[in-house]
Amino acid sequence: MCGIIGVCTRVDKKLNTGDVVYKGLLRLEYRGYDSAGVASVEQGVLRVLKGKGKIADLEKKLGLSRVKGSVVIGHTRWATHGAPSDVNAHPHTDCTGTIAIVHNGIIENYRELKEELAKRGHVFKSETDTEVVVHLIEEFYKSGDRPYDAFKKAVSMIRGSYAILVVFASAPNTIFFAKKDSPLVVGLGDVANFVASDIPAILEHTRRVITLRDGWVGFVTGDSVFIEELGKGPVNPMEYVRVVEWSLESASKGGYPHFMLKEIHEQPRALVDTLYGLSSDPTLREASKIMAEARRVFITAAGTSYHASLHFAVALSKIAGVLATPFVASEYEAYLPVVREGDVLIAVSQSGETMDTLKAARAFKERGAKLIAVSNVVDSAIPRESDIALYTRAGPEIGVAATKTFTTQTLLLSFLVLDYALLRGAILKSEYDEYARELSRASDLAAKSIAWSEGLAKKVSEMLRLKQSMYYLSRGVGLPTAMEGALKIKELAYIHAESYPAGESKHGPIALVEEGFPVVFVVPRDVYYEKVLLGNIQEMKARGAWIIGVAPEDTSLGEQFDLFFRVPSSHWLTTPITHTPPMQLLAYYTSTLKGYDPDKPRNLAKTVTVE
């Protein structure tokens with residue numbers, strides 16, 4: 001959530017800096033926002049344009065792309081402190097209107113700072129926590145400090161999470177930056193240097209990036225970068241330069257009407273890439289050793305990643321005979337009292353920056369637990385702070401609702417279960433090979449599932465768009481996948497959807513079922529589960545429910561369904577990979593039929609970097 005981009009061009013080069021920042025802001029829309037703005041410095045004059053609403057609308061109204069200057073910074077804001085409004089939009093300025101700031105994150109001590117600054121005569125215009133920082137900089141600057149020194153002193157006084165860019169009218173060729181807990185990268189270009197919260201914002205101009213670490217501050221000019229660790233001294237930025245392999249095309253829609261549909265169809269490739277990465281990565285075995293030496297195994301995440309974590313816990317129990325404790329990351333406090341040295345926590349996050357998961361990981365680490373990170377973003381916060389990091393290779397995921405995330409995470413976590421089970425002697429090598437063969441089919445299975453489901457998903461969505469509420473039911477290994485299906489229809493089509501173990505129906509939820517009530521049954525390829533789910537399906541049918549089955553093509557339950565999404569018949573371990581795509585497509589087409597934008601569901605953000 002929130003996005004930052006800044007560009008600082010070389011003095012002797014021509015670059016339309018306003019257009020660069022405007023297009024960068026458009027590429028940050030996927031993170032979620034409710035307002036946007038830019039600040040530029042041209043011939044010693046600071047200019048700010050900002051407002052509530054869509055970037056494209058603000059462009060028509062304010063002309064964001066037409067600002068000029070050797071330095072321009074921009075921001076997309078997702079409201080935390082203060083409602084979405086023109087005034088609360090970033091950038092914010094000091095009392096003199098000569099210093100501007102954009103900021104992602106939360107300033108925890110902003111109230112006391114604001115009170116102190118107000119006593120000194122500073123006038124605040126917004127309700128944001130961010131504005132205190134620019135007034136704090138102003139306070140040091142007017143006392144005689146140079147811009148960078150004033151900036152560093154201000155940063156040293158704030159607590160919380162932040163990715164900050166600051167420009168001064170008196171320093172027209174420089175962008176100052178600071179980073180703690182919120183992502184920020186520096187991009188090195190031929191005619192300009194960049195700073196952004198995410199790589200797609202600057203990918204059109206450079207692939208050479210430096211991922212900034214917590215506690216780093218510095219500045220870029222058009223042809224130089226200076227970085228230091230606050231209070232400890234300079235670091236050599238060239239030691240941290242890496243070349244990003246993503247192409248601009250891979251971060252664009254590629255001919256699809258929405259990023260989400262593109263990303264659903266990218267799953268076969270993402271699964272192949274993840275498999276390839278695992279096969280050449282020795283850290284999977286190292287992670288298995290950490291688990292094998294652990295007293296207890298916990299796994300935590302949020303949203304879709306939490307559902308992948310549930311799949312891990314079920315698979316670990318069935319294959320390795322070991323109990324893992326999964327929990328929602330924001331509830332980590334409830335588990336802390338029992339955490340000891342010798343425990344291990346697996347922290348799962350697509351972005352590697354999810355604040356709830358990051359907080360849980362840090363709290364467990366403080367109590368002596370070892371950390372294993374699972375992420376899609378190399379060098380992000382959670383992997384950096386973990387003992388070991390495992391990476392999915394899903395590539396950029398722009399749509400807010402996760403798609404590639406779930407299937408690649410469950411694939412990676414399944415291999416972690418297998419490797420661990422083999423290491424502990426819970427399975428034979430021949431059994432490992434059999435499971436691995438099934439998982440190696442993941443790409444083909446996903447491709448078939450998508451191809452077989454897309455036409456029916458369009459038809460079913462015609463009827464589903466008229467519904468207000470529905471259930472997604474399953475048992476055992478199918479339950480995490482059913483939960484993911486319910487989350488998708490809820491996120492994108494705004495249909496109230498619940499998911500719970502099918503056997504729980506008779507203990508309350510079935511009271512809501514009436515004629516035409518949609519119930520999706522996720523049926524894993526398992527004789528036992530087919531047998532017990534038959535009874536649950538009949539319970540629902542007897543009360544008039546409209547039964548939608550997502551089941552293997554050779555299921556014995558086909559005649560029980562009013563509508564039947566056939567998926568490839570495969571091992572139960574691949575249930576998330578075979579059964580999830582039909583439900584993703586169902587959510588996507590229902591959303592678009594209802595006139596919604598599936599890439600930007602309301603009230604949601606892609607990367608949740610606040611608690």
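Just so you know, residue 1 is the first one in the sequence shown, and it goes up from there. Computation of the quantities below employed the complete heavy-atom set of this structure, encompassing side-chain atoms and omitting hydrogens, waters and symmetry-equivalent molecules.
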Tell me which donor-acceptor pairs under 3.5 Å the side chains of residues 503-522 have, and how far apart each pair is, sequence neighbours excluded?
from   : atom 1 : to     : atom 2 : distance (Å)
Ser505 : OG     : Tyr500 : OH     : 3.3
Ser505 : OG     : Ala502 : O      : 3.0
Lys506 : NZ     : Gly503 : O      : 2.9

### Task
Go through Asp526 and Arg475 one step at a time and tell me if the side-chain contact (heavy atoms from CB on, under 4.5 Å) criterion holds.
CA-CA 11 Å; Asp526 185 299; Arg475 289 184 181 234; over 6 Å; no

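- Counting all heavy atoms, side chain and backbone alike, Ala308 lies closest to Phe406 at N-CE1, 3.5 Å.
- A distance-only check finds a donor-acceptor pair linking the side chain of Ser375 to the backbone of Ser349 [under 3.5 Å].
- Between the side chain of Ser197 and the backbone N or O of Gly3, no donor-acceptor pair lies under 3.5 Å.
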### Test side chain to side chain donor-acceptor pair (under 3.5 Å) applied to Gln267 and Thr403, step by step
CA-CA 8 Å; Gln267 288 178 109; Thr403 50; 5.3 Å; no

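- Atom NZ of Lys600 has more than 12 neighbouring heavy atoms from other residues, nucleotides or ligands inside a 6.0 Å radius.
- Using bins of under 30°, 30° to 60° and over 60° for the plane-to-plane angle, the ring pair Phe364/Phe327 lands in the parallel bin.
- Considering Thr392, Leu445, Thr408 in turn, Thr408 is the only one that fulfils the side-chain contact (heavy atoms from CB on, under 4.5 Å) rule with Leu271.
- The number of heavy atoms from other shown groups lying within 6.0 Å of CD (Glu431) is above 12.
- For Arg296 (side chain) and Val338 (main-chain N/O), a donor-acceptor pair under 3.5 Å exists by modelled atom type.
- Looking at Arg437 and Asp433, no side-chain N of the basic residue comes within less than 4.0 Å of a carboxylate O on the acidic one, giving no salt bridge.
- Thr575 places a side-chain N or O within 3.5 Å of a backbone atom of Trp572 that can act as its donor or acceptor partner.
- When only modelled atom types and interatomic distance are considered, Ser414 and His311 share a side-chain donor-acceptor pair under 3.5 Å.
- Between Leu336 atom CG and Arg367 atom CZ the span is 5.0 Å, to the nearest 0.5 Å.
- Although no hydrogens or angles enter the test, the distance criterion places a donor-acceptor pair under 3.5 Å between the side chain of Thr274 and the main chain of Arg393.
- Checked for salt-bridge contact, Lys365 and Asp387 miss the test: no charged N lies under 4.0 Å from a carboxylate O.
- No hydrogens or angles considered: a donor-acceptor pair under 3.5 Å links the side chains of Ser305 and Gln409.
- Checked by atom type and distance alone, the side chain of Lys594 pairs as donor or acceptor with a backbone atom of Ala493 at under 3.5 Å.
- Going from atom OG1 of Thr592 over to atom CG of Leu261 covers 8.5 Å, rounded to the nearest 0.5 Å.
- A salt bridge does not link Lys459 with Glu462: none of the charged nitrogens is closer than 4.0 Å to a carboxylate oxygen.
- Side chain of Asp273 to main chain of Ala394: no donor-acceptor pair is present (N/O by atom type, distance under 3.5 Å, no hydrogens or angles).
- With salt bridges taken as basic N to acidic carboxylate O contacts below 4.0 Å, one links Glu266 and Lys404.
- Glu484 and Thr580 are not linked by any side-chain donor-acceptor pair at a separation below 3.5 angstrom, with hydrogens and angles left out of the test.
- A distance-only check finds a donor-acceptor pair linking the side chain of Lys490 to the backbone of Ala497 [under 3.5 Å].
- Asp419 and Ser288 form a side-chain donor-acceptor contact under 3.5 Å, judged by distance and modelled atom types alone.
- Asp356 places no side-chain N or O within donor-acceptor distance of the main-chain N or O of Ala329, the cut-off being under 3.5 Å.
- Within the model, atoms OH of Tyr435 and CG of Leu573 stand 7.5 Å from one another, a figure rounded to the nearest 0.5 Å.
- Put simply, the side chain of Asp343 never gets that close to the backbone of Arg295: no donor and acceptor are under 3.5 Å apart.
- Here the side chains of Val374 and Ile299 are not in contact, with every heavy-atom distance at 4.5 Å or above.
- The distance from atom CD of Gln468 to atom NE2 of His496, rounded to the nearest 0.5 Å, is 11.0 Å.
- By the 4.5 Å heavy-atom criterion applied to side chains, Leu586 and Leu464 are counted as neighbours.
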